[in-house]
Structure formats: structure tokens, C-alpha cells
Amino acid sequence: MSAQVEIDEQRRHALEQFARRRKTSVRRVLERAVDEFMERADDEELLIQSSTQARRTHLREGDASLAVREWRNRRPLKKHR
């Protein structure tokens with residue numbers, strides 16, 4: 001799916017400069033930014049879920065977070081595209 005997004009001049013200029021420094025396209029910078037945002041949103045949702053589960057099971061939150069982190073490291077990386 002392809003979509004056009006309008007951004008203000010200041011952000012567009014900053015993106016172009018960043019892309020030039022990284023020797024990549026603005027499109028690729030934006031794709032990576034969206035992928036990272038989606039992964040972070042998934043992480044935050046998982047943290048909320050693990051926190052809720054920890055309260056229900058009376059585990060310490062640190063133990064629950066460690067278990068979730070270990071589980072995430074064992075599963076394949078999810079791509080948002």
C-alpha cells in the first residue's frame with residue numbers, strides 16, 4: 001500500500017539533511033522510523049500486558065518483564081509492512 005503524507009517544511013528539510021548524512025533516501029528513513037515506532041508500540045503494549053499479568057499472578061514485575069523479554073528473544077522478529 002502506498003500513501004502520501006504531508007509534512008511541514010521544517011521537518012521535510014530536517015529529514016532530507018538526515019538522509020543525506022546517512023547516505024540513504026528520505027523514503028527509507030521514514031520506513032525505518034515507522035517500523036521502529038510500531039515495534040516500540042508493540043513493546044509498550046506487551047509491557048502493559050506483562051505488568052497486568054504480574055499483578056494477577058503475584059509475580060514481581062521485574063520477574064515478569066524478564067520472562068517476557070526472554071520469550072521475545074526466542075520468537076522471530078515481526079515486520080510491519
Side-chain angles (χ1 to χ4, degrees):
M1 180 173 100
S2 182
Q4 288 189 342
V5 177
E6 289 187 31
I7 59 173
D8 61 78
E9 186 73 20
Q10 186 177 3
R11 284 190 178 100
R12 185 185 60 75
H13 182 68
L15 274 169
E16 289 171 347
Q17 285 183 328
F18 182 83
R20 271 195 299 274
R21 284 195 311 270
R22 297 290 174 122
K23 296 181 178 154
T24 190
S25 69
V26 171
R27 179 186 187 98
R28 184 66 190 127
V29 170
L30 290 171
E31 288 171 345
R32 288 173 61 190
V34 169
D35 289 348
E36 288 178 22
F37 176 84
M38 296 301 294
E39 188 69 27
R40 189 172 306 132
D42 286 347
D43 289 347
E44 289 171 4
E45 185 177 321
L46 192 56
L47 180 59
I48 290 168
Q49 290 172 354
S50 67
S51 191
T52 300
Q53 286 299 107
R55 283 192 298 277
R56 286 183 187 151
T57 60
H58 305 292
L59 289 174
R60 292 185 315 210
E61 190 169 339
D63 294 338
S65 294
L66 179 60
V68 168
R69 195 173 307 118
E70 289 172 355
W71 173 80
R72 284 190 64 114
N73 288 335
R74 287 192 306 266
R75 71 181 175 90
L77 183 63
K78 181 170 42 172
K79 282 288 187 178
H80 294 279
R81 288 191 189 201

Query - Salt bridge E16-R12, side-chain N to carboxylate O under 4.0 Å - result: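 Yes, charged N to carboxylate O under 4.0 Å.
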Report task. For the pair R11 and D8, find out whether any cationic side-chain nitrogen is under 4.0 Å from an anionic carboxylate oxygen. Result ->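 Yes, this pair counts.
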Determine whether [X] and [Y] fall in the same hydrophobic cluster, where Ile, Leu, Val, Met, Phe, Trp and Tyr are linked whenever their side-chain heavy atoms lie under 4.5 Å apart.
X	Y	value
L30	F37	no
I7	F18	yes
V5	V29	yes

Report task. Could you give me the CA-CA distance, side-chain angles and deciding distance for R27 and E31, then say whether salt bridge (charged side-chain N to carboxylate O under 4.0 Å, His left out) is met? Result -> CA-CA 6 Å; R27 179 186 187 98; E31 288 171 345; 3.3 Å; yes
Query raised in the report: Side chains of H13 and E9: do they bring a donor and an acceptor to under 3.5 Å?
Result: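 Distance-only check fails for H13 and E9.
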Requested in this report: Apply the test side chain to side chain contact (heavy atoms under 4.5 Å, CB included) to residues E39 and E36: give CA-CA distance (whole Å), side-chain angles for both, the deciding distance (0.1 Å), then the verdict.
Outcome: CA-CA 5 Å; E39 188 69 27; E36 288 178 22; 5.6 Å; no
[atom1]/[X] to [atom2]/[Y] distance, rounded to the nearest 0.5 angstrom?
X	Y	atom1	atom2	value
E6	Q4	CD	CD	8.0 Å
L47	T52	CG	OG1	9.0 Å
R40	D35	CZ	CG	12.0 Å

Query raised in the report: Taking all non-hydrogen atoms of both residues, which atom of S25 and which atom of A19 are closest, and how far apart?
Result: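 Between these two residues, the closest heavy atoms are C-CB, 3.9 Å.
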